[in-house]
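Both backbone and side-chain heavy atoms feed into the values below; hydrogens, waters and symmetry mates do not. Not measured: the values here are computed from a predicted model. Counting starts at 1 for both ligands and their atoms, in listed order.
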Amino acid sequence: MLTIGWLYPQLMNTYGDRGNIMILQRRCEWRGIGVEIKNLDLGFKIDDLRVCDLLFMGGAQDRQQKIVSEDLFKKADVLTRMIKDGTPGLYICGAYQFLGKYYKEANGTIIKGLGILDLYTENPGTNKPRLIGNVIIEIQDLRFKMYEEKNHKSSIVNRKSSALVGFENHGGRTYLGKGLKPLGKVLHGFGNNGKDKTEGVMYKNSFGTYLHGPILPKNPNFADLLIKCALEKKYKKSIELSLLDDSLEYRAHQAVLKKQNYHAWRF
Ligand code: GLN
C-alpha cells in the first residue's frame, strides 16, 4: 500500500504532468499494490503530507508559482525533513525550481525557494528565448541502469535505453551548486540552462527535472524506480517489482528518440 501525495494539483499541473500520477497509480495497481492519492491543494493539512510515501509536484507558470509559494512556505519544515529523510519524490519544472534557493522572474521579481538544494534559477527575460522542445538525456544514476539490465534480459521487454525523454518549456535557467548531481546529461534539447549540458537534479530519492510530457509514461523505468524506492523506504526491506509489459510505453519512448535521430542509440 502506498500513499502518494500530489502537491498542488490545481495550480502546479501543466503540459500533461497529471499523467505522472496516473502512471504511478496504474503501475502499482497492475501489480496488486494498493494506492491512495492525496490531493494536497492550497491550505492542505500538514498531517496529510506527513503520511505520504511518495511525492509528486508538477510545473506551472510564474503566476501560479507565486501563489503556491506562500502556502508551501508554511509546510517547508515538514517537506524539507521528508526530502532529507529520503522520501522519494518527483518535482517537475516550477516544482524543481522550488527546491532551490530562488527563482528570479523575467521582471526581476524573486520567488523564494525552499532552499533544500544548492541551486538557483534565473529567467533572463524577453531578450532571451524560452527553452522549448523535445529533450533526450543520458541518465547518470546507476539505479536506473540496474533496473534496465533486468528489463533487458526479461522476455517481456527486450529493449533498454539509458535515455530519458520528455518535453521542456521554461524561461528559467537553473544552475547547480558544485556538490549536486544532475539527473542526466543533455543529448538533445536545453536542460537546466542550455549551456552546461546538465539536466535536472538528484538528491537521495528526490528528482527534479524540466521534463514534462508527461515524463513517466514515456519512461516507465523511472516510474518504477520511484515506486520501488517508496516501498523500500516504507517496508524497510529490498523490494523487487514484478515486470510489466512495457512495449507500448517503449514505443512512445522510441518515437521521441527517433524524431531526434537518436533511435539507434544504445539499443
Ligand atoms: N515558470 C517557470 C519558468 O518558466 C516554470 C515553467 C514550467 O513549470 N513549465 O521557468
Is the distance from the ring center of Phe44 to that of Tyr8 below 6.0 Å?
yes

Does ligand 1 come near enough to Tyr15 that some N or O of the ligand is less than 3.5 Å from an N or O of the residue?
no

Any donor-acceptor pair under 3.5 Å linking the side-chain atoms of Asn134 with those of His188?
no

Between Gly59, Ala60, Gly94, Gly58, which one has a non-hydrogen atom sitting closest to atom 6 (C) of ligand 1?
Ala60

Side chain, backbone, both or neither: which part of Thr121 has a heavy atom under 4.0 Å from ligand 1?
neither

Counting the benzene-type ring for Trp, do Tyr210 and Phe190 have ring centres under 6.0 Å apart?
no

Among all protein heavy atoms in this structure, tell me which lies nearest to atom 4 (O) of ligand 1, with the distance rounded to 0.1 Å.
Gly171 N, 2.9 Å

Centres of the Tyr91 and Tyr96 rings: under 6.0 Å?
no

Hey, is Asp77 close enough to Arg81 for a salt bridge, meaning N to O under 4.0 Å?
no

Hey, is the main chain of Met1 close enough, under 3.5 Å, to the side chain of Lys234 for a donor-acceptor pair?
yes

Using a cut-off of 6.0 Å, state whether more than 12 heavy atoms not belonging to Arg26 lie near its atom CZ.
no

Any non-hydrogen atom of His212 lying under 4.0 Å from ligand 1?
yes

With respect to Asn169, determine whether any N or O atom, backbone or side chain, lies less than 3.5 Å from an N or O atom of ligand 1.
yes

Considering only non-hydrogen protein atoms, determine which one is nearest to atom 10 (O) of ligand 1 and report residue, atom name and distance to 0.1 Å.
Gly172 N, 2.8 Å

Would you check, one step at a time, whether the test side chain to side chain donor-acceptor pair (under 3.5 Å) holds for Thr87 with Asp85?
CA-CA 6 Å; Thr87 300; Asp85 281 353; over 6 Å; no

Within-shell test, Arg130 vs ligand 1, heavy atom, strictly < 4.0 Å:
yes

Do me a favour and list the nearest non-hydrogen protein atom to atom 1 (N) of ligand 1 with residue, atom name and distance?
Asp62 OD1, 2.4 Å

Yes or no: does Gln97 have any heavy atom under 4.0 Å from an atom of ligand 1?
yes

Consider every N or O of Gln65 and every N or O of ligand 1, then say whether any pair is closer than 3.5 Å.
yes

Please write down residue, atom name and distance for the protein heavy atom closest to atom 7 (C) of ligand 1.
Cys93 SG, 2.7 Å

